[in-house]
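See below for the structure under consideration.
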Amino acid sequence: MRGLSDRVRALKPSATVAVNAKAMALRRQGVDLIAMTAGEPDFDTPAFVKEAAIRALAAGKTKYAPPAGIPELREAISAKFKRENGLDIPPEATVVTVGGKQALFNLFQAILNPGDEVIVIGPYWVSYPEMVRFAEGVPVEVRTGPESGFIPDPAEIEHRITARTKAIVVNSPGNPTGAVYPKEVLVAIAELANKYDLYIVSDEIYEHLIYEGEHFSPGLVAPERTITVNGAAKAFAMTGWRIGYAGGPREVIQGIIDVSSQSTTSPDTIAQWAMVEALNNVEEAQKFIQMAREAYRARREIIVEGLNALGLPTPRVSGAFYVLSDVSRIHPDEGQAALRLLEEARVAVVPGTDFAAPRHVRFSYATGEAQIQEALRRIAAIL
Ligand code: GLU
C-alpha cells in the first residue's frame, strides 16, 4: 500500500532550514524582512575561490569524482588538519561530503546500531538528535545553561555514559549557543572517550569564528576515536557550494564513503576544485577569514548590548555568529515569541524549541550592522 515509511513520518524537518525558507519566501513576496535565521555569512564567496571554480569549469573538470572526494582535495584537507589543528590525518583517512551535514548524517548511519546512545550537549544544533534518531540511535541530552556560559561539566557527561553509549557530539564554537569550550573541558571529554572506548564527533565548522579564547581539537587527545568534521560554508562564505569534509579513524571514514557511494556518489566536482584553492591558498584564505571575523566581532557587540538593553537577556558568548536570547518578555512560549517577531517586527529568528532552548530564540548575526541596528529598532517598537 502507498504511504510514507515510519522512519520518515517520525523525522522532524530541520527548523533552521524551514524558518530560513519561510523568510526567503516572504522576501520574494516583497515583505521587508530582516532575516536573522540561518547561519549564513552575508559575505560573498571570496574572488580567489570563485576564480578557481571558473578555471575548473573551463578546463572541463565536470565529471564524476570518487566517492571519497578528489585526491587533490583530500591532500589539501590532510594538510589543513596538520597546519591548523595539529592533527595527523593522512589523505586516505579523509572524506569530502556534500556539506558538513552529510558527513555527520553518513557518520551516524555508519556507527550506530538500533538503540545505541549518543550524548548531545544541549542547547544543540537541531540536526544532531534527528540524525541520530534517523539512524535508529537514541540521543541523550546533557543540558547546559547561560549560568555556565553553556559549557558542559565533563563529570555530568560521564554520569550519562552507559553500556549503550557509542559517541559524544562536541561542537565548539557551538551552534546555537556561541560557546567556546575551554581546552581543559575538551581534553576531559576526549579522555572520557579514551576511558570508555567511545567516539567523539567533533563538529568544528565554526573554528575560525572565535573572539576570545582559542580553538582546540579533541582529536589531539583521542586520535583513534575522534571524527573531526568541518566544511567550506562558514569559514569561506560558501554555504551554497555544499562542500564539507571529515577525517578520523579509517573504518569510520570508509563507512561514510560507502554511504555516499550509495546516495550522492560524490560532491560537486567544480566546487571541490574551488575548495582546493580555499584551503591551499593560505594567505588569501587568512585575509578573508580575518576580515569576516572582525566584522562578526563588531556585530556581536551591537546585538548583545542591544538585546540586553531591550530586556531580553542575552549572554555575551565567545564564538560562532549566534546568540540565544531569552524572549520571555515578548511571549512565554518561544514559538509564539518568534511568530510575534516575524509578524509584528518583521524580524525572522529561529525559535529555541528544536535546539532544546525553551524561552529562547536564536539570532544569527551573520548579517550587516545596519540590518542588526534596524532589527533592534523594530523589536524595541513592538515592546
Ligand atoms: N547550520 C546552519 C544553521 O544552523 C544552516 C542551516 C542548517 O543546516 O541547519 O542555521
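Ligands are counted one by one from 1 in listed order, and the atoms in each one are counted from 1 as well. Bear in mind the structure is a predicted one, so any value in this text is a computation, not a measurement.
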Between Glu204 and Lys80, is there a salt bridge with N-O shorter than 4.0 Å?
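The answer is no: the pair does not qualify as a salt bridge.
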Less than 4.0 angstrom from a charged side-chain N to a carboxylate O is my criterion; do Glu374 and Arg378 meet it?
yes
Please check if the number of heavy atoms outside Glu212 that lie under 6.0 Å from its CD is greater than 12.
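Enclosed.
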Count the heavy atoms belonging to other residues, nucleotides or ligands that lie under 6.0 Å from CD of Glu147, then report whether that count exceeds 12.
yes
Identify the protein heavy atom lying closest to atom 8 (O) of ligand 1, giving its residue, its atom name and the separation to 0.1 Å.
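Answer for atom 8 (O) of ligand 1: Lys101 NZ, 2.8 Å.
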Nearest protein heavy atom with distance in Å, relative to atom 2 (C) of ligand 1:
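It is Lys234 NZ, 3.2 Å.
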How far does CD1 of Ile89 sit from OG1 of Thr228, to the nearest 0.5 angstrom?
4.5 Å
Can you tell which of Thr37, Thr16, Asp354, Asn175 gets a heavy atom nearest to atom 7 (C) of ligand 1?
Thr16
Taking the non-hydrogen atoms of Glu40, is any one of them nearer than 4.0 angstrom to ligand 1?
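Contact absent.
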Relative to the heavy atoms of Ala38, which atoms of ligand 1 are at a distance of less than 4.0 Å?
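Atoms satisfying the 4.0 Å criterion: 10 (O).
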Tyr322 and ligand 1 - part of the residue with a heavy-atom distance under 4.0 Å
side chain
Are the ring centres of Phe288 and Phe48 closer than 6.0 Å?
no
Could you say whether the N/O atoms of Gly39 and ligand 1 ever approach to under 3.5 Å?
yes
